[in-house]
**Student:** 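Would you mind keeping the following structure in view while I ask a few things?
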Amino acid sequence: MRPLTEEETRVMFEKIAKYIGENLQLLVDRPDGTYCFRLHNDRVYYVSEKMLKLAANISRDKLVSLGTCFGKFTKTHKFRLHITALDYLAPYAKYKVWIKPGAEQSFLYGNHVLKSGLGRITESTSQYQGVVVYSMADIPLEIL
Amino acid sequence: MEGPSVEELLAKAEQDEAEKLQRITVSKELELEFDLGNLLASDRNPPTALRQAGPVPEAELRALARDNTQLLINQLWQLPTERVEEALVARLPEPTTRLPREKPVPKPRPLTRWQQFARLKGIHPKKKTNLVWDEVSGQWRRRWGYKRARDDTTEWLIEVPDGADPLEDQFAKRIQAKKERVAKNELNRLRNLARAHKTQLPSTAGMHPTGHQSKEELGRAMQVAKVSTASVGRFQERLPKEKAPRGSGKKRKFQPLFGDFAAEKKNQLELLRIMNSKKSKLDVTRATNKQMREEDQEEAAKKRKMSQKGKRRGGWQGTGGKRKGGPPSQGGKRKGGLGGKKQSRPPGLGSKRKAGQHQGGKRRK
């Protein structure tokens, strides 16, 4: 387990900023406690300071996970964001897409969403923008 | 119209000559001080022109510079000249002004081990003579170096000493001893250097052959030996099945696990700030698409007007297809827009064109 290097932090922030933009600094600098990013076995975990201190007592090979896994670095050092980061990204998402209840189940099983299944979408979303998908009941479903 | 007459031309030439002569002689209150060795002329005249408040006009500065340079060159012309490879050259005298140091004063180096010892014991270097009398050759020879006085490398006979092994090669022994002395001297020199620069010599732990070295130690020693060539091991042959050594580069250093959280946070926020500042506020593709949409609408509106006018006059003065290369719109939105335009033009052209035509058709009906 180790902190991220400058390069790794930059790559990760660039990825996350695609979804939440400048709200990223709210993740970094939280009023309710110091949270930090730590790398363990190529995965990035977002963990509070207290939890980190406890996790430091576990040996490397026995430590499976700590805090929330945001994503992992691939073999070629690209950052892949995981679904486990959804809880932290959803409140700060800039561009949101809502899906109608009919298309929601289909979407969750992996199918594409047709235009008719699209409920609402934040205005001025450009093509290929990173979005967070919600159901009509405002439950975050997916990061796309 | 006639050009200037001959008399006028001659008068002008005379005037120019007089001016030139005037220019060579410059009058100053105080004479300048010259240091021709450095090509330096110091003007101690009070600078009335420069004392005025506000910026000094260019012309006055230029005139001052010209006058002083003229005086300096007059002085140079008075120096003794000589000819060097078909060029006439003035021989400059020795410079009189002392220039300040170019580089800072060298720091005193720490004493070597011997110097410390000598200082402690109060040993001073003895003055030695350059030449020594050599009995063998019967002449004065230098103390060391080429054709020195006592050169034991040229000896062709060495007596085997009493306690030594009779089969030992004394000549080889002598050469070996010399090598060891040289190596020891070199080692001491490097140690002194390391002490002077406050660094450490690379450790030679495990490099001294003891006969009881482990496999890892031997492997390490072998790697070091491979790399200790002039080409840093690039052209060393390997055994047939030996694998290439993995990059034994520097081990990466990471921040400690619980370092200073505040500092970490500060660095990350700084990184974010830089990232945000680098992002351009103008979304180029959106801007160019918007621009293109506006243009298309303008064109469509114009065409409709033209078609209406044409119908009234009973003639179809069609504008034909879209006028390509229409007036390039101005404005800051064109920044890098040309590149974006090329990309998004073709699909836009097809769809928007058709839509416009249909609408126009419907309206007409």
Side-chain angles (χ1 to χ4, degrees), chain A residues 1-18 20-31 33-40 44-60 63 66-67 70 77 92 94-95 123-129, chain B residues 246-247 249-294 296-297 333-337 339-352 355:
Chain A
M1 193 173 23
R2 61 169 174 85
L4 298 167
T5 60
E6 279 283 327
E7 192 57 39
E8 288 166 349
T9 332
R10 195 183 52 81
V11 168
M12 189 183 72
F13 279 1
E14 270 174 19
K15 194 58 182 279
I16 298 179
K18 284 194 187 146
I20 62 181
E22 55 288 339
N23 294 333
L24 183 48
Q25 64 195 35
L26 293 166
L27 271 184
V28 171
D29 189 11
R30 279 166 75 128
T34 19
Y35 277 70
C36 54
F37 292 99
R38 288 292 181 266
L39 195 78
H40 177 59
V44 175
Y45 296 98
Y46 183 60
V47 64
S48 64
E49 181 192 338
K50 185 169 68 76
M51 193 79 75
L52 179 63
K53 290 204 168 135
L54 295 173
N57 296 322
I58 305 169
S59 64
R60 263 182 227 176
L63 181 66
L66 63 157
F70 257 46
H77 308 293
Y92 303 120
K94 290 193 89 173
Y95 297 101
E123 64 172 24
S124 68
T125 317
S126 53
Q127 197 181 21
Y128 306 123
Q129 175 67 43
Chain B
R246 285 174 38 199
K250 262 201 269 193
K251 191 169 170 187
R252 284 202 301 177
K253 277 209 147 80
F254 299 117
Q255 298 291 344
L257 186 55
F258 309 121
D260 189 0
F261 285 112
E264 196 183 326
K265 199 183 289 191
K266 196 162 76 78
N267 284 339
Q268 286 178 343
L269 287 174
E270 185 63 30
L271 181 66
L272 278 175
R273 193 185 62 83
I274 292 172
M275 267 170 56
N276 284 336
S277 71
K278 280 212 182 123
K279 247 184 273 180
S280 64
K281 295 210 163 66
L282 175 67
D283 189 1
V284 179
T285 35
R286 286 182 63 134
T288 48
N289 284 339
K290 192 170 175 184
Q291 185 79 7
M292 278 160 38
R293 232 191 344 264
E294 283 175 12
D296 284 348
Q297 283 173 357
K333 286 196 175 161
R334 275 301 149 128
K335 240 195 288 182
K341 200 174 178 171
K342 278 187 197 136
Q343 289 161 14
S344 24
R345 253 282 140 187
L349 197 66
S351 55
K352 281 180 187 163

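Order of the sequence lines sets the chain letters (A, B, ...), proteins ahead of strands, with each chain counted from 1. Basis for what follows: all heavy atoms, side chains included, without hydrogens, waters or symmetry-related copies.
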**Student:** Taking all non-hydrogen atoms of both residues, which atom of A/Leu27 and which atom of A/Tyr46 are closest, and how far apart?
**Tutor:**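 Taking every non-hydrogen atom into account, O-OH, 2.6 Å.
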**Student:** Heavy-atom distances under 4.5 Å only: say whether A/Arg38 touches chain B with side chain, backbone, both or neither.
**Tutor:**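 Contact with chain B is through the side chain of A/Arg38 alone.
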**Student:** Before we go on, tell me: are the rings of A/Phe37 and A/Phe70 under 6.0 Å apart, centre to centre?
**Tutor:**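 Yes; A/Phe70 has its ring centre under 6.0 Å from that of A/Phe37.
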**Student:** If you count every heavy atom of other residues, nucleotides or ligands that lies below 6.0 Å from A/Gln129 atom CD, does the total exceed 12?
**Tutor:**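 Atom CD in A/Gln129 is crowded, with more than 12 foreign heavy atoms closer than 6.0 Å.
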**Student:** Answer yes or no: does atom NZ of B/Lys278 have more than 12 heavy-atom neighbours from other residues, nucleotides or ligands under 6.0 Å?
**Tutor:**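 Counting other residues, nucleotides and ligands, NZ of B/Lys278 stays at 12 neighbours or fewer.
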**Student:** Let me know if A/Glu14 has heavy atoms under 4.5 Å from chain B in its side chain, its backbone, both or neither.
**Tutor:**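 When you check distances to chain B, atoms from both the backbone and side chain of A/Glu14 fall under 4.5 Å.
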**Student:** Using a 4.5 angstrom heavy-atom cutoff, name the option from A/Gln127, A/Glu49, A/Arg10 with the most pairs to chain B.
**Tutor:**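 Answer, by heavy-atom pair count under 4.5 Å with chain B: A/Glu49.
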**Student:** Please state whether the side chain, the backbone, both or neither of B/Arg273 comes within less than 4.5 Å of a heavy atom of chain A.
**Tutor:**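 Nothing of B/Arg273, per the 4.5 Å heavy-atom cut-off to chain A.
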**Student:** With a 6.0 Å cut-off (strictly less than), is the heavy-atom count around CE of A/Met1, excluding the residue itself, greater than 12?
**Tutor:**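 Result for CE/A/Met1: enclosed.
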**Student:** Between chain A and each of B/Asn276, B/Ile274, B/Leu269, count heavy-atom pairs under 4.5 Å; write down the option with the most.
**Tutor:**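 Between B/Asn276, B/Ile274, B/Leu269, the count favours B/Leu269.
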**Student:** With respect to A/Val11, which candidate in A/Glu7, A/Lys15, A/Glu8 satisfies the side-chain contact (heavy atoms from CB on, under 4.5 Å) definition?
**Tutor:**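 Option passing the side-chain contact (heavy atoms from CB on, under 4.5 Å) with A/Val11: A/Glu7.
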**Student:** Tell me, side chain or backbone of B/Glu264 under 4.5 Å from chain A's heavy atoms, or both, or neither?
**Tutor:**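 Looking at B/Glu264, just its side chain touches chain A.
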**Student:** Could you tell me which portion of A/Thr5 (side chain, backbone, both or neither) has an atom closer than 4.5 angstrom to a non-hydrogen atom of chain B?
**Tutor:**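 Answer is side chain: those atoms of A/Thr5 sit under 4.5 Å from chain B.
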**Student:** Below 4.5 Å from any heavy atom of chain A, which atoms of B/Leu271 appear? Answer side chain, backbone, both or neither.
**Tutor:**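 Just the side chain, heavy atoms under 4.5 Å.
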